[in-house]
Amino acid sequence: MKISFYLNRDLVHADVDPHLTTLVYLRESRGLTGVKESCNEGDCGACVIALGERTEQGMCYHAVNSCLYPVVRLHGKHVVTLEGIHDADELHPLQAAMENEHGAQCGFCTSGIILSLFCLFLRNATPANEDILQALDGSLCRCTGYASILRAARSVAAQVRMDEDIENHLTPAYFSGIPERLDSIDELIDENRKLAVAARDYFIPEDLHELFEILENVDNPSKLTLISGDTDIMVGVNLGKFQPQKIVDLHRIREFTCISRDNGLITIGARATLSDVLDNEEVRRSFPALTEAVRQMCSTPIRNVATLVGNVCTASPIADAIPPLLAYGATVVVQSIKGTRQVPLRDWFKSYRKTALGHDEVVVAIEIPIIDCLASFEKTGKRKTLDIATVNSALAVQVMKGHFETVRLFFGGVAAVPFEAEMTSEFLTGKEAGEAVIYEASRIAAKEISPLSDVRGSLEFRRQLAANHIIKHFTKLMPSLFE
Amino acid sequence: MAVKDIKKLSLETLAQEQQRPTADEAIRLHVKGESRFICDEPKPERLHYATVVVSPYAHARIKQIDAETAKQIDGVVGVFTWRDIPGENELGIKIKDEPLLPENIVSYIGQPVAVIVAATPAIAERACQAVSVDYEVLEPILTIERARAKNSLLAPEFGLSAGDTEKGFAESDYVLEGVITSCAQEHLYFETQRVRAIPGEGAEMLLQSSTQSPSEVQTLAARVLGVDRKDITVDVKRLGGAFGGKESAAGLWSCLAALVCYHLKLPIELKLSREQDMAWTGKRHPFESSFKVGFDKAGRIHAYAVEFDADGGACADLTMAIMQRAVLHAENAYHIPNIKVLARPLKTNIAPNTAFRGFGAPQGVFVIESVIQRIARKLGKDPLEIRKLNAYQEQDGAPYGQQLHEANVLPLLERLEEHTDYQVLKEKVREFNRHQRFIKRGIGIVPVKFGISFTTPFLNQGSALVHLYADGSVSVSHGGIEMGQSVNTKVARIVAAEMGVPLQRVKIESHNTKRTANTSPTAASTGADINGNAARNAAREIIDRLRPLAVQLLERKYGHAAKRILFENGYAFSADAPQERLTLRELAVQAWQSRIDLSAHGYYSTPRLNFDWETGRGTPFSYYVYGCGLVVAEVDLLTGYVTLKEAHLIHETAQTVDERVDRGQIEGAFIQGVGWCIFEEVVYDSQGKNLTESLTTYKIPAIGDIPEKWSIEMIQAEREFAGVKGSKAVGEPPFLYGEAAFFAVKDAIESIWDYTIEADLRMPATPESVLRAIDSVSNKRA
């Protein structure tokens, strides 16, 4: 496919294999070896690049794992590597600070770290410590112990606070011309579009109409893999564990929306990335447990690409966003050529990673009703960031006159599909809120589940976590019960 | 200007030098994305890719290897097995138990049995799947317990002793016994194992290898190919991390690439993917140690007997040397009059465990530190009190007879106590615990005494080759390997200071076996000491050759006698007339035209070392590094999550060559130690397969896991016993402070029962381990 994009200062026209990752393309075809491959599955951050897109608010730069980013998606965007963050021979303030603080030792993670920080500083030139930690939650370093990297980032923020003029140096001068130049880029040229559906193996439909046509005309729909953020599928591809036969890349579908609110509902469209969800004030206000789950999901560079709808479609039994969505009573909005249907999320999961989605359908949104309840999310893994949970859970409960009403409790990591703890919920419903009742509920929860032992934890550990999560939820929601 | 003023002047220039933003060439390249690692170099013409077929069984007999289908695949240029090895099929250095490619028996999952070369990595990978190997599966030994029961040893057990432990136990008020385990650890260098082999004319071959031991790679490649070392050149510019994992372990991959390059006469790249690297390569040795300790009512240790059982994996590799260091650090920072240490190097069917920062010392120290905690609990005393009571004093000798000069364990502990306001801190933690039901805090302290030198005495030698070019710039080749620890920066600073040239004019070259030969691995924290001293000797030799010429030229230029010649800031001048000077450039040109040799080879061997394992007596170490660390950890009793609230490290660097480099080493090593103790769990299944073979399942500390409050004090005192230019080695010792985090977690858990019961907390203190420990205490109470 023929794509055009800006690579640092230069316009690039390239004819690319759509199956290629941006990482391989940048290293092998462009010779940009500063971008490093280390884990090839989005778990280390060595390959992070800054990716600029035109939005209504102007140019927006996000850190992205280039190892999980299909090269065709670069079309119309601005790719920034270490070569593109400074003017002439000057170092960017972040590069200078990293050098001065010895934020690089072996140097293998350095490019990803600087580019992650670069995106942070473009958005917020005086980030607080937590902002820095969050921006680097997808970047591991095995040498420095992170202290020098933190010092470097803090020192740039401090410099900006002292002298606002420095803020101008955070954005290279040539960036100002980029939006206009991106506008002059023509549409993506997929010459294969002329070919019959059967003869193609990579589709980038522009709208739902085109998508449904593909879904209808493909000879064997089970051979199609629909990709949204592609941060899950691509891991399997990179590791040689999954070879999709035909890919339908949904990232350009015109009708896909982001996040909206009306009629007591919040609709999270298929376009909404996890970062969109995390940053959304409405979501945070109405569904704090969902915001908390998304905050603890994967990492900044993955959240910048992965979508919430994708998480629901991947249907992993340990997906972090699922338990809170279930607890809030979310509905999946599915569309096909025949029209739209709504599937309650609790009816969505059929078996391990299998959903109620038909071969001719696509998920266009998740709807969540705004209800008045207390809700909490808990996740326990081996590490607090960038980890897959051993057990996660969400609880939504209404408390009336000191009694628990409508209790909804869901666990991940304890069964082949997200698990509704019906016995525990039923036990709690109508009970007077109190410590003894909560402890009894935690014992019921541990018995109610039948988890497996695996590399993330033993069966016994999972049972104990399930029990402890119940207590943890209530210590957060109703701390006075434990005094 | 008086001599006094000159001294002042040079101090000022030195101060300026230190203030100036870093002149570290490598870091500048890293932050610009311009530094090159092996696979970043432009590809040679016709580069082909090698990949390996590995054993899926921990223990099996190879009945047949059928590669015919693989050979037919378009793009495959060759499949090679042990039959194709022209020389000796052996990688073992001291103990010859490691074939390059096994003939009969495979002894761990991930052991290469055949090498495939193809035009692209994808074809090579596909061809791998097409090779069919017929195995007869044999029973594997997968645990320390099983290996011990079967007496499966890599080498005979050994040890050392001092005093009379039986008498010591008899004289003790209390005797405790127990078993302490420490876990494996994946190196997780960011750059995986890789090599490029490039054929030259005739028998020549260049190996660009990601190795800490170029001379060993050269030796092994020559051995398996049956050629001379002169035919093999190993060149190493830098490594993307190593931490011991590329000391001996890089040899296998380099030799496989060399083998296929030898046959095909094609440039070959062999690079492991992250999963392959994690699944196939050895880790830090897990230890299972049984101890017996006798002590009096005050807590003074009278006798300590310990047996270390290490899981060495399938081949001896460096296991013996690693256990030697564990034995030599068994008593850590404590004077124990009667001691008996035994080491049992066990052979199992997992990938050969290998060097990892600390090299056995962390494992040995972890046992005695755990023992100290138990003594304290038994006596109802503060563990710090027991540590101070038993701390080495200035006049003490180590169990193996080496005199501990400048031993300042106690002063450092007292300084830590004062710095952290320990008694107040402790009370605050207890107060916090009294008011918190689901969160508890604890304090852990670990002092460190770490011996510097390879415990294999002959390895303590360094070499360098220095050229002064006629333009006054300097090229330095030395025996060290740059892997992020900035040995190049240190050597450059040392040479720049010695020759009086600005740092920017000194270039550190790649390590190349043609420029420095018979080098030791860059390991044991000795890189800067031995190679920095060698480079310094070479630099000094060149400067000494220039001195007479400088006298002549200065006299000719300024018309009066020049006396003591100094070299500073790119100038040569007489000590009594610093304004009348020559540039080094003028001097170098003149020297060249006067036919004075401007190149020198430098050599250094560490003095005073001798050690005899037969008697268990001698001087294995050139000097010791001392320090101590305190960690405050918070434990969530419901999830088992650990948060490091505070860490305070006091570390003796002596007269550091580069303060920022040393600070970076202390910080990085500490967090790596925390990773070992708290986060990182290597899990094998019942067949010996590593289940934690990716970053998805193996978790190293992330940026959010570092201490919320973190202080480091570097003690830069002048020491008689130290390394290059009065500095002390810094690579490994701070790793051990990570153990303080483990003891802090344990302390937090034990607070639940008011410190009356010992929690059975197992390393690593993951949420699962923490919850299990809490549970075990609850059960004991019930």
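None of these values were measured; they are calculated from a predicted model. Residue numbering restarts at 1 for every chain, and letters A, B, ... go by the order of the sequence lines.
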S.K.: Under a 4.5 Å heavy-atom cut-off, does chain B meet the side chain of I113(A), its backbone, both or neither?
M.R.: neither
S.K.: For the CZ atom of R383(A) and the CG atom of L695(B), what is their distance to the nearest 0.5 Å?
M.R.: 8.0 Å
S.K.: Which bit of R194(B) comes within less than 4.5 Å of chain A, counting heavy atoms only: side chain, backbone, both or neither?
M.R.: side chain
S.K.: Answer with side chain, backbone, both or neither: which region of Q95(A) has an atom nearer than 4.5 Å to a non-hydrogen atom of chain B?
M.R.: both
S.K.: Taking Y49(B) for its side chain and A122(B) for its backbone only, find out whether a donor-acceptor pair lies under 3.5 Å.
M.R.: no
S.K.: State whether the side chain of K379(A) and the backbone N or O of V391(A) hold a donor-acceptor pair below 3.5 Å, judged by distance alone.
M.R.: no
S.K.: With a 4.5 angstrom heavy-atom cut-off, which part of E28(A) approaches chain B: side chain, backbone, both or neither?
M.R.: side chain
S.K.: Scan T656(B), D658(B), D662(B) and name whichever one has a side chain to side chain donor-acceptor pair (under 3.5 Å) with K490(B).
M.R.: D662(B)
S.K.: Any idea which of D705(B), T692(B), T766(B), T639(B) has the most non-hydrogen atom pairs under 4.5 angstrom with chain A?
M.R.: T639(B)
S.K.: When you measure from the side chain of N690(B) to the backbone N and O of M278(B), does any donor-acceptor pair fall under 3.5 Å?
M.R.: yes
S.K.: For chain A, which candidate among H187(B), Q672(B), R437(B), R238(B) shows the most heavy-atom pairs at distances under 4.5 Å?
M.R.: R437(B)
S.K.: Taking the six-membered ring for Trp and the single ring otherwise, decide whether the centroids of F356(B) and W676(B) are under 6.0 Å apart.
M.R.: no
S.K.: Between I114(A) and chain B, with a heavy-atom cut-off of 4.5 Å, which part of the residue counts as in contact: side chain, backbone, both or neither?
M.R.: side chain
S.K.: Under 4.5 Å heavy-atom distance to chain B, tell me which part of T380(A) shows up: side chain, backbone, both or neither.
M.R.: both
S.K.: Picking from E130(A), R151(A), H86(A), which has the most non-hydrogen pairs under 4.5 angstrom with chain B?
M.R.: R151(A)
S.K.: Please look at L29(B) and chain A and tell me whether the side chain, the backbone, both or neither of the residue comes under 4.5 angstrom of a heavy atom of that chain.
M.R.: neither
S.K.: I'd like to know if the side chain of R274(B) and the backbone of S38(A) have a donor-acceptor N/O pair within less than 3.5 Å.
M.R.: yes
S.K.: Under 4.5 Å from any heavy atom of chain B, what part of L94(A) do you find: side chain, backbone, both or neither?
M.R.: neither
S.K.: Considering only heavy atoms and a distance below 4.5 Å, find which of I671(B), L771(B), T697(B) pairs most often with chain A.
M.R.: L771(B)
S.K.: Donor-acceptor pair, D685(B) side chain versus K689(B) backbone, under 3.5 Å?
M.R.: yes
S.K.: For the side-chain contact (heavy atoms from CB on, under 4.5 Å) test, which of T300(A), D137(A), D43(A) pairs with L386(A)?
M.R.: D43(A)
S.K.: Judged by atom type as modelled, is there a donor-acceptor pair below 3.5 Å linking the side chain of R27(A) to the main-chain atoms of V35(A)?
M.R.: yes
S.K.: Between D387(A) and chain B, with a heavy-atom cut-off of 4.5 Å, which part of the residue counts as in contact: side chain, backbone, both or neither?
M.R.: both
S.K.: Please evaluate residues L691(B) and Y698(B) with respect to the criterion side-chain contact (heavy atoms from CB on, under 4.5 Å), reporting the C-alpha separation (whole Å), side-chain torsions for both, the decisive distance (0.1 Å), and the verdict.
M.R.: CA-CA 9 Å; L691(B) 297 176; Y698(B) 187 80; over 6 Å; no
S.K.: Can any side-chain N or O of S210(B) pair as donor or acceptor with the backbone N or O of L239(B) at less than 3.5 Å?
M.R.: no
S.K.: Determine the option with the most heavy-atom pairs under 4.5 angstrom with chain A, choosing from V642(B), I700(B), I712(B), V661(B).
M.R.: I700(B)
S.K.: Between chain B and each of E460(A), M98(A), R456(A), count heavy-atom pairs under 4.5 Å; write down the option with the most.
M.R.: R456(A)
S.K.: Between Y189(B), F243(B), W710(B), F679(B), which has the largest tally of heavy atom pairs under 4.5 Å with chain A?
M.R.: F243(B)
S.K.: If we define contacts as heavy-atom pairs under 4.5 Å, which of S111(A), G34(A), C106(A) has the most with chain B?
M.R.: C106(A)
S.K.: Using non-hydrogen atoms only, which part of Q134(A) is less than 4.5 Å away from chain B: side chain, backbone, both, or neither?
M.R.: neither
S.K.: Taking the ring centre of each residue, are F438(B) and F482(A) less than 6.0 Å apart?
M.R.: yes
S.K.: I need the residue from E37(A), E378(A), E41(A) with the largest number of non-hydrogen atom pairs under 4.5 Å to chain B.
M.R.: E41(A)
S.K.: Measure up the F411(A) and H469(A) rings against each other and bin them: parallel (under 30°), tilted (30 to 60°), perpendicular (over 60°).
M.R.: parallel
S.K.: Taking every heavy-atom pair that is under 4.5 Å apart, which of C44(A), A467(A), G42(A), C141(A) has the most such pairs with chain B?
M.R.: C44(A)
S.K.: Assess the pair F670(B) and F735(B): is the distance between their ring centroids shorter than 6.0 Å?
M.R.: no
S.K.: Name the region of T390(A), side chain, backbone, both or neither, that has any atom closer than 4.5 Å to a heavy atom of chain B.
M.R.: neither
S.K.: As an exercise: rank G145(A), A96(A), S458(A) by heavy-atom pairs under 4.5 Å with chain B and give me the winner.
M.R.: G145(A)
S.K.: With a 4.5 angstrom heavy-atom cut-off, which part of R462(A) approaches chain B: side chain, backbone, both or neither?
M.R.: neither
S.K.: Checking heavy atoms, do the side chain of E681(B), its backbone, both or neither come under 4.5 Å from chain A?
M.R.: both
S.K.: Heavy-atom pairs under 4.5 Å with chain A are the metric here; pick the option from M483(B), E41(B), E275(B) that has the most.
M.R.: E275(B)
S.K.: Set out, in order, the CA-CA distance, both residues' side-chain angles and the distance that settles side-chain contact (heavy atoms from CB on, under 4.5 Å) for I706(B) and L644(B), then state yes or no.
M.R.: CA-CA 7 Å; I706(B) 68 172; L644(B) 301 188; over 6 Å; no
S.K.: For L150(A), is it the side chain, the backbone, both or neither that has a heavy atom under 4.5 Å from a heavy atom of chain B?
M.R.: side chain
S.K.: Let me know if V674(B) has heavy atoms under 4.5 Å from chain A in its side chain, its backbone, both or neither.
M.R.: neither
